[in-house]
There are 2 protein chains.
Amino acid sequence: MNTAKKHSKKRDAILQVIRSTDCHPSAEWIYNQVKPIYPDISLGTVYRNLALFEQSGEVVAIATVDGQKRYDATAATHTHFICECCKSVIDVETPQPFAEMYKALKKEHGFKADYHSLTFYGKCDKCQISN
Amino acid sequence: MNTAKKHSKKRDAILQVIRSTDCHPSAEWIYNQVKPIYPDISLGTVYRNLALFEQSGEVVAIATVDGQKRYDATAATHTHFICECCKSVIDVETPQPFAEMYKALKKEHGFKADYHSLTFYGKCDKCQISN
DNA sequence: CTAAAAACAGTAACAGTTCTCATTATTGTT
DNA sequence: AACAATAATGAGAACTGTTACTGTTTTTAG
């Protein structure tokens, strides 16, 4: 009777692509990866499913680089390094006590923070050499 | 002989608007503020000067909210709270030792980070009440 | 096998931003 | 004060990432 989510091969492929890379891809990048498998896939399908994944929390939008949203399928919030030269988005570890900051935000401002995003910007190792 | 930057009243007004607010405005918001002062200003001028300010470092793009870039004229890197409900971007203080993270990025990955961005997402005090 | 509707391809529409070009404002020089 | 030279601008076209629409295909339950 009510809207039941149906299974879809293309949706699976899209999620598979996002999960099997650590490059934090854009919609277009994902589209180009799925295309060889399903040559008739539409870019709209990628966007539509990305929206669904975002809603369900399976995928999260971590940054906008050069006007393009970049996605990540990793569950835990973590830190990123964005190279302003080659535009790559790279995972990095941060052993930091953010829990205290969440408490402070609530206590001092009354803000209820659900998650956070920490991103460093600069030049990655490769771009420092080549430029 | 070479390209000398000329003075411009409208550029001044744009920077003034960004400096005199703490709402981390979008290009359109800035445009609407400058319009009463210079009714013939063009949105293109705002974008053009924002690009110049970004280059010179006088203004920094701190986030993209609902597809719109948001700007900030504050020199020092600081932390923001973005309310996902009313889309407001609010400054918050974070007494955190990020200097160590910069060192670790260089040591462990070879990344030369120039600056960082820490943003918390959630519901601000007002939106918690009204929703 | 059939029928209801979710998912889709293809494409048009949309929004934020950038680009183009003719005009205006600024600046150094007479 | 008038004069180039050229930086800055307004208006609007063009571009780009994303979303919406429509008719068709695929999935799924009975």
Side-chain angles (χ1 to χ4, degrees), chain A residues 1-18 23-56 58-72 82 87 89, chain B residues 1-18 23-56 58-72 82 87 89:
Chain A
M1 210 83 215
N2 49 2
T3 55
K5 194 169 174 179
K6 289 183 179 172
H7 193 247
S8 146
K9 289 171 186 172
K10 283 167 184 170
R11 177 151 53 225
D12 290 348
I14 291 166
L15 188 55
Q16 181 61 29
V17 163
I18 304 171
C23 80
H24 310 84
S26 65
E28 201 186 347
W29 191 93
I30 297 164
Y31 171 71
N32 286 325
Q33 297 299 117
V34 179
K35 197 143 199 183
I37 310 163
Y38 294 103
D40 68 335
I41 197 167
S42 155
L43 190 52
T45 298
V46 175
Y47 279 108
R48 206 179 320 113
N49 283 299
L50 279 171
L52 290 174
F53 293 146
E54 271 199 87
Q55 271 194 304
S56 69
E58 286 167 289
V59 165
V60 82
I62 53 161
T64 300
V65 182
D66 280 358
Q68 291 191 154
K69 261 189 173 184
R70 301 283 286 259
Y71 297 88
D72 192 341
I82 298 182
K87 313 296 180 189
V89 180
Chain B
M1 209 87 215
N2 50 0
T3 56
K5 195 171 176 180
K6 286 183 182 174
H7 193 246
S8 146
K9 288 171 187 173
K10 283 166 184 169
R11 177 151 53 225
D12 288 348
I14 291 166
L15 187 56
Q16 181 62 28
V17 162
I18 304 171
C23 80
H24 310 84
S26 65
E28 202 185 347
W29 191 93
I30 296 164
Y31 171 71
N32 287 325
Q33 297 300 117
V34 180
K35 198 141 196 184
I37 311 164
Y38 294 104
D40 67 334
I41 196 166
S42 154
L43 191 51
T45 297
V46 174
Y47 279 109
R48 210 177 314 116
N49 283 298
L50 280 170
L52 289 175
F53 293 146
E54 272 200 86
Q55 271 195 304
S56 69
E58 285 167 289
V59 165
V60 82
I62 53 162
T64 301
V65 182
D66 280 357
Q68 291 191 156
K69 260 189 173 184
R70 302 281 285 259
Y71 298 88
D72 191 341
I82 297 182
K87 311 296 181 188
V89 180

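The model shown is predicted, which means the values in this text are computed figures rather than measured ones. Every chain is numbered from 1 and lettered A, B, ... according to where its sequence line falls, protein lines coming before strand lines. Quick note: numbers below take in every heavy atom, side chains included, and nothing from hydrogens, waters or symmetry partners.
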Problem set entry | Minimum heavy-atom distance Phe53(A)-Ser56(A), with the two atoms named | O-OG, 3.1 Å

Exercise. Whole Å only: how far is the CD1 atom of Ile41(B) from the C1' atom of dT9(D)?
Worked result: 9 Å

Seminar exercise, completed: To the nearest angstrom, the NZ-P distance between Lys35(A) and dC8(C) comes to 15 Å

Seminar exercise, completed: Whether each nucleotide of nucleotides 14-23 of chain C has a protein heavy atom under 4.0 Å at its base (B), only at its sugar-phosphate (S) or at neither (-) is summarised, 5' to 3', as --SSB-----

Problem set entry | Whole-Å distance separating the CG atom of Asp40(A) from the P atom of dT25(D) | 12 Å

Exercise. Taking all non-hydrogen atoms of both residues, which atom of Asn32(A) and which atom of Pro36(A) are closest, and how far apart?
Worked result: O-CD, 3.1 Å

Seminar exercise, completed: Closest heavy-atom pair, Arg70(A) versus Cys23(A), reported as atoms and distance to 0.1 Å, is NH2-O, 3.5 Å

Exercise. Can you list the steps and then say if Leu50(A) with Ile30(A) is a side chain to side chain contact (heavy atoms under 4.5 Å, CB included)?
Worked result: CA-CA 10 Å; Leu50(A) 279 171; Ile30(A) 297 164; 4.1 Å; yes

Please enumerate all protein N or O atoms sitting under 3.5 Å from an N or O of nucleotides 28-30 of chain C, with distances to 0.1 Å.
none

Seminar exercise, completed: Between Ser42(B) and Tyr31(B) the two heavy atoms that sit nearest each other are C-CE1, 3.8 Å

Exercise. Roughly, in whole Å, what's the span from CG in Asp12(A) to C1' in dA7(C)?
Worked result: 12 Å

Exercise. Between dT18(D) atom C1' and Tyr31(A) atom OH, what is the distance in whole Å?
Worked result: 14 Å

Problem set entry | side chain to side chain contact (heavy atoms under 4.5 Å, CB included) assessment of Val34(B) paired with Val46(B) | CA-CA 9 Å; Val34(B) 180; Val46(B) 174; 5.5 Å; no

Problem set entry | Atom-pair distance (CZ on Arg11(B); P on dA7(D)), nearest Å | 11 Å

For this session: Going by the side chain to side chain contact (heavy atoms under 4.5 Å, CB included) test, name the single residue among Val17(B), Asp12(B), Ile18(B) that passes it with Ile14(B).
Result: Ile18(B)

Problem set entry | Arg11(B) and Glu58(B) ion-paired at < 4.0 Å | no

Exercise. Would Lys10(B) and Asp40(B) count as a side chain to side chain contact (heavy atoms under 4.5 Å, CB included) if you check the C-alpha gap in whole Å, the side-chain angles of each, and the deciding distance to 0.1 Å?
Worked result: CA-CA 10 Å; Lys10(B) 283 166 184 169; Asp40(B) 67 334; 3.4 Å; yes

Sort me out a list of protein N/O and nucleotides 26-29 of chain D N/O pairs below 3.5 Å, or just none if empty.
| unit_1 | atom_1 | unit_2 | atom_2 | d |
| --- | --- | --- | --- | --- |
| dT27(D) | O3' | His7(A) | O | 3.4 |
| dT27(D) | O2 | Lys6(A) | NZ | 2.9 |
| dT28(D) | OP1 | His7(A) | N | 3.1 |

Exercise. Taking atom C1' of dT26(C) as reference, at what distance in whole Å does atom OH of Tyr38(B) sit?
Worked result: 13 Å

Exercise. Expressed in angstrom and rounded to an integer, what is the separation of Ile30(A) atom CD1 from dG17(D) atom P?
Worked result: 14 Å

Seminar exercise, completed: Closest non-hydrogen contact found for Ala27(A) with Leu43(A) is O-CD1, 4.3 Å

